[in-house]
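Only this structure's heavy atoms are used, side chains among them; waters, hydrogens and symmetry mates stay out. On a predicted model such as this, the values are computed, not experimentally measured, just so you know. Order of the sequence lines sets the chain letters (A, B, ...), proteins ahead of strands, with each chain counted from 1.
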2 protein chains.
Amino acid sequence: MTFIEQASDAIRDSGGRMTRQRRIIIEQIAGAQWDAESLYAELTAAGEEVSLATVYRTLSVLEGAGLLQQRYLSPDHERRVYVPLTTLQTHHFTCKGCGKVIPFETDIVGRLSSELAAGMGLQVTSGCICVEGYCVDCQEETT
Amino acid sequence: MTFIEQASDAIRDSGGRMTRQRRIIIEQIAGAQWDAESLYAELTAAGEEVSLATVYRTLSVLEGAGLLQQRYLSPDHERRVYVPLTTLQTHHFTCKGCGKVIPFETDIVGRLSSELAAGMGLQVTSGCICVEGYCVDCQEETT
DNA sequence: CCTGCTATTGCGAGTCATTTTCAACACCAG
DNA sequence: CTGGTGTTGAAAATGACTCGCAATAGCAGG
Ligand SMILES: [Mn+2]
Ligand SMILES: [Mn+2]
Ligand SMILES: [Zn+2]
Ligand SMILES: [Zn+2]
């Protein structure tokens, strides 16, 4: 079952409707992560008619359905992106030099959850990891 | 050397001036973490005269000097707080049940930095880790 | 196919934390 | 003291959303 089918089902199962706007948004985000503004810009540039408010609303609906997760790309909360859960659950490193976003995988949230559960009895339900610094290219430049 | 002395030195060393407003802000944040609005409310409640804009600006200056670090208390980055680097409490767990914020210490950012440096050559300069879930009390209630 | 109910949309207005503008002010080196 | 300039307060501006509401359009049922 594709991401788009999953999304349609999830929306219909909760009494929602599949609209033209939702369809184009879902198709666009099926392949990669997007933040609301960029996704909106991309769609309108491609001639699709949809409003920014609807992009925000649809991303929120899909997140509620468990099909997307929101992430922040840098520690200072610059940009909120939504990642489809079909892609591997990654976190992001943002280069302060060139702005490049480099995804990486880690089970650090899982490890932290275990530590907190064992040590303090805390039950972690969600976590956010954002790191920034300098990529290989930008480290060389400053040398 | 106290936090206040450190701050004064850092400000003067960079060509800045120690003003009445900066002094009271520095004294207040020397002991604990604050977000800008709360710090402002606390100071004005205590009869101190300072503007919210100056609170924001001073926190930013101190962060630039390396004396404070900003943190978000929950994964959805609701509240930004500044923590003095003299205290060791570095990260925060927010309870979704009662709103309690529980600080904890971990070298998990350090470990992640090492992993990224070794594996991908990335140089991490700052990172943010925020976790939320349920505290011990709130776990019991739902049982 | 119609139809009607109501979920959804578009657009403007509203939020809200944070930043900026700019004229008045106050540090502090000399 | 005093001038130069770093800082401040108040208000306006930002930016990233979120909301209100009338118009629109899915879609279940007939
Ligand atoms: Mn933001
Ligand atoms: Mn974070
Ligand atoms: Zn780079
Ligand atoms: Zn709790």
Taking OH from Tyr40(B) and C1' from dA10(D), how many angstroms apart are they, rounded to a whole number? 10 Å
Within this structure, what is the CG-to-C1' distance between Asp35(A) and dC17(D), rounded to whole angstrom? 12 Å
Run through Ile26(B), Leu62(B), Leu67(B) and flag the one making a side chain to side chain contact (heavy atoms under 4.5 Å, CB included) with Gln6(B). Leu67(B)
In whole angstrom, give the distance that lies between atom CG of Leu43(A) and atom P of dT9(C). 13 Å
Round to the nearest Å and state the distance from Arg80(B) atom CZ to dA16(D) atom P. 13 Å
Tell me: CZ of Arg22(A) to C1' of dG10(C), nearest whole Å? 14 Å
Kindly work out whether a path of hydrophobic side-chain contacts (I/L/V/M/F/W/Y, heavy atoms less than 4.5 Å apart) joins Val83(A) to Tyr56(A). no
With a cut-off of 6.0 Å (strictly less than), are more than 12 heavy atoms of other residues, nucleotides or ligands near CD of Glu49(A)? no
Tell me: CD of Gln70(A) to C1' of dC17(D), nearest whole Å? 12 Å
Quick test of your reading of the model: are Arg12(B) and Glu5(B) salt-bridged, counting only N-O distances below 4.0 Å? no
Residue pair Glu115(B), Arg111(A): steps toward the salt bridge (charged side-chain N to carboxylate O under 4.0 Å, His left out) verdict: CA-CA 14 Å; Glu115(B) 282 179 31; Arg111(A) 276 184 276 161; 2.9 Å; yes
Return the value, rounded to whole Å, for the distance between atom CG of Leu73(B) and atom C1' of dA17(C). 14 Å
Heavy-atom distance under 4.5 Å between the side chains of Arg20(B) and Val50(B), does that happen here? no
Got a sec? Which of residues 49-62 of chain B come in under 4.0 Å of DNA chain D, heavy atoms? Glu49(B), Val50(B), Ser51(B), Thr54(B), Arg57(B)
Protein within reach of the bases, or only the backbone? For nucleotides 23-30 of chain D, mark each nucleotide 5' to 3' as B, S or -, using heavy atoms under 4.0 Å. --BBS---
Can we say Asp35(B) and Arg79(B) salt-bridge, meaning some charged N sits less than 4.0 Å from an Asp/Glu carboxylate O? yes
Does either side chain, that of Thr54(A) or that of Gln21(A), offer a donor lying less than 3.5 Å from an acceptor on the other one? no
